[in-house]
2 protein chains.
Amino acid sequence: MGNPKLSRLEMQIMEALWNCGSASIREIQESFPEKKRPAYTTIQTTVYRLEAKKAVRRVKKVGNFHVFEAAVSRDIAQRKLIDDLLALFGGRTQPVMAHLIESGKVTLADIKEAEKTLRHLEREEK
Amino acid sequence: MGNPKLSRLEMQIMEALWNCGSASIREIQESFPEKKRPAYTTIQTTVYRLEAKKAVRRVKKVGNFHVFEAAVSRDIAQRKLIDDLLALFGGRTQPVMAHLIESGKVTLADIKEAEKTLRHLEREEK
DNA sequence: GCAATGCTACTACATATGTAGTAGTAATAC
DNA sequence: GTATTACTACTACATATGTAGTAGCATTGC
């Protein structure tokens, strides 16, 4: 029932749908960089699986092809991934933060931004 | 032949080894809370797989049982998980940070701490 | 020494995921 | 209206992971 955990390929497909609003299998496939573009049927199979998980739905049929759209938001999907990662860390965010910083991929600006967001949240909750 | 990505159960087993230094299958199994303790052979199978991945190794045999120890550090293993998550986000940390904050699991203190760490790093790199 | 117990090594199986082939039907191009 | 092309629906298969059973050898307790 809840939000399904999406895999790498599934997320890439969802990304195409979140960006385009809606798309056909072919359009999704062509959204992949030519060099690492899976076969048409690979995308198709994965879209069908996403459909089974209720993460995408068919919106209409145009000509002989179907058009799909995301049925879960990017936020929800991303949140699920992060919650699952956190679970692997026993729910502790500290090591996650530490590694993000250590990886050199978080800038001071990101932190500042985060801090601002956090202050806003705190104010709203009071 | 980089560091393998470890799964949920694998991480739980590694956690036991990182905590105890070294342990037998039975000891690892008993480190699980009674209510969600997998069968002995489930732990065994998973330890064997970790061995195949070179994430653990046998250190000795005591009586008729083997004693295992971690062959990769907690840091390395955690780092791998985070790098893989980041890859799902196209390498952008911003959404990860945003979700961590939104989840309410990161406190302002965590951010302050992170900021301090980051400032230190920047200084060192100059 | 022999029976009980415990551990190992191996096998088995279900689900998830990445990957893609094939058969057949539907749209299209003339 | 027929040949080509494109898409769908289905099948197949390998690897990863969680899960656990079984057969048999090693230890141990007497």
Side-chain angles (χ1 to χ4, degrees), chain A residues 1-16 22-68 77 80-81 84-85 87-88, chain B residues 1-16 22-68 77 80-81 84-85 87-88:
Chain A
M1 276 237 344
N3 310 305
K5 180 179 184 180
L6 305 185
S7 69
R8 184 177 60 72
L9 181 58
E10 286 172 339
M11 281 297 282
Q12 289 179 273
I13 287 171
M14 293 304 287
E15 206 57 53
S22 68
S24 64
I25 305 282
R26 181 64 69 189
E27 285 169 332
I28 294 170
Q29 192 213 3
E30 287 177 349
S31 76
F32 282 70
E34 207 167 347
K35 292 309 167 100
K36 26 188 160 170
R37 188 175 292 169
Y40 178 91
T41 49
T42 297
I43 302 295
Q44 192 197 26
T45 300
T46 309
V47 169
Y48 286 177
R49 286 175 185 165
L50 283 167
E51 209 183 355
K53 291 181 185 182
K54 308 230 184 285
V56 309
R57 61 173 157 252
R58 295 171 195 224
V59 276
K60 58 182 171 180
K61 188 166 183 175
V62 177
N64 62 336
F65 60 86
H66 297 287
V67 175
F68 297 83
K80 176 66 178 163
L81 292 179
D84 273 36
L85 179 77
L88 289 184
Chain B
M1 299 266 5
N3 313 304
K5 180 179 184 181
L6 304 185
S7 70
R8 185 177 59 71
L9 181 58
E10 287 172 339
M11 281 297 282
Q12 289 179 274
I13 287 172
M14 293 304 288
E15 205 57 53
S22 67
S24 63
I25 304 284
R26 182 64 69 189
E27 286 169 331
I28 294 171
Q29 191 213 4
E30 287 177 349
S31 76
F32 281 71
E34 208 168 345
K35 292 310 169 100
K36 26 187 162 170
R37 188 175 292 169
Y40 178 91
T41 49
T42 297
I43 302 295
Q44 192 197 28
T45 300
T46 309
V47 169
Y48 286 178
R49 286 176 185 164
L50 283 167
E51 210 183 355
K53 292 181 186 182
K54 309 231 185 284
V56 309
R57 61 174 158 251
R58 296 173 193 222
V59 276
K60 58 182 170 180
K61 187 165 181 174
V62 177
N64 62 336
F65 61 85
H66 297 286
V67 176
F68 297 83
K80 176 65 179 164
L81 292 179
D84 272 37
L85 180 76
L88 289 183

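Lettering of chains follows the sequences in order, A, B, ..., and the numbering in each one begins at 1.
- One interatomic measurement links the two molecules: CD of B:Glu51 to C1' of C:dA9, which rounds to 12 Å at whole-angstrom precision.
- For A:His66, whose side chain is taken as the heavy atoms from C-beta onward, the closest listed nucleotide among D:dA9, D:dG18, D:dA12 is D:dA9.
- Picking from D:dT19, C:dC7, D:dT8 the nucleotide with the shortest atom distance to the side chain of B:Arg8 gives D:dT19.
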| Going 5' to 3' along nucleotides 20-25 of chain C, which nucleotides have protein heavy atoms under 4.0 Å from the base (write B), which only from the sugar-phosphate (write S), and which from neither (write -)? | BBB---
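- In plain terms, the two heavy atoms of B:Leu88 and A:Arg8 that are nearest each other are CD2-CA, 3.3 Å.
- At a threshold of 4.0 angstrom between heavy atoms, the contacts of A:Arg26 are confined to the sugar-phosphate backbone, with no base atom among them.
- Between B:Gln29 and B:Tyr40, the closest heavy-atom pair is NE2-N, 3.4 Å.
- Both B:Ile25 and A:Phe65 sit near DNA chain C, but only B:Ile25 has its closest nucleotide nearer the 5' end.
- If you measure from atom CG of B:Leu9 to atom C1' of C:dT15, you get 15 Å, rounded to the nearest angstrom.
- For the pair A:Tyr48 and D:dA9, the criterion of a side-chain N or O lying under 4.0 Å from OP1 or OP2 is met.
- B:Lys5 contributes atom NZ, which lies 13.5 Å from atom CG of B:Asn3 (distance to the nearest 0.5 angstrom).
- The NZ atom of A:Lys36 sits 16 Å away from the C1' atom of C:dG18 (whole-angstrom rounding).
- D:dT19 atom P lies 9 Å from atom CZ of B:Phe32, rounded to whole Å.
- The two residues B:Met14 and B:Leu6 have their closest heavy-atom pair at CG-CD1, 3.6 Å.
- Listed by residue number, A:Arg58 are the residues of residues 53-62 of chain A with a heavy-atom contact under 4.0 Å to DNA chain D.
- Residue B:Lys5 contributes atom NZ, which lies 14 Å from atom C1' of D:dT15 at whole-angstrom precision.
- Atom NZ of B:Lys80 is separated from atom P of D:dA16 by 13 Å (rounded to the nearest Å).
- Interatomic distance, A:Ile25 CD1 to A:Thr42 OG1, rounded to the nearest 0.5 Å: 11.0 Å.
- Note on B:Ser24: nothing from the nucleic acid sits closer than 4.0 angstrom, heavy atoms only.
- For the atom pair CD (B:Gln12) and OG (B:Ser7), the distance works out to 8.5 Å, reported to the nearest 0.5 Å.
- To the nearest 0.5 Å, atom CE of residue A:Met11 and atom OG1 of residue A:Thr46 are 14.0 Å apart.
- Taking the nucleotide of DNA chain D with the nearest heavy atom to each of A:Phe68 and A:Arg49, the more 5' of the two is matched to A:Phe68.
- Once rounded to the nearest 0.5 Å, the distance linking CG of A:Asp84 with CG of B:Leu81 reads 11.5 Å.
- For B:Glu10 against B:Arg49, the heavy-atom pair with the smallest separation is OE2-CB, 4.4 Å.
- Qualifying side chain to side chain donor-acceptor pair (under 3.5 Å) partners for B:Glu51, counting only residues two or more places apart in sequence or in other chains: B:Arg58.
- Closest contact between the side chain of A:Tyr40 and the listed nucleotides D:dT8, D:dG18, C:dT17 involves D:dT8.
- Rounded to an integer number of Å, the gap from CG of A:Leu81 to P of C:dT17 is 11 Å.
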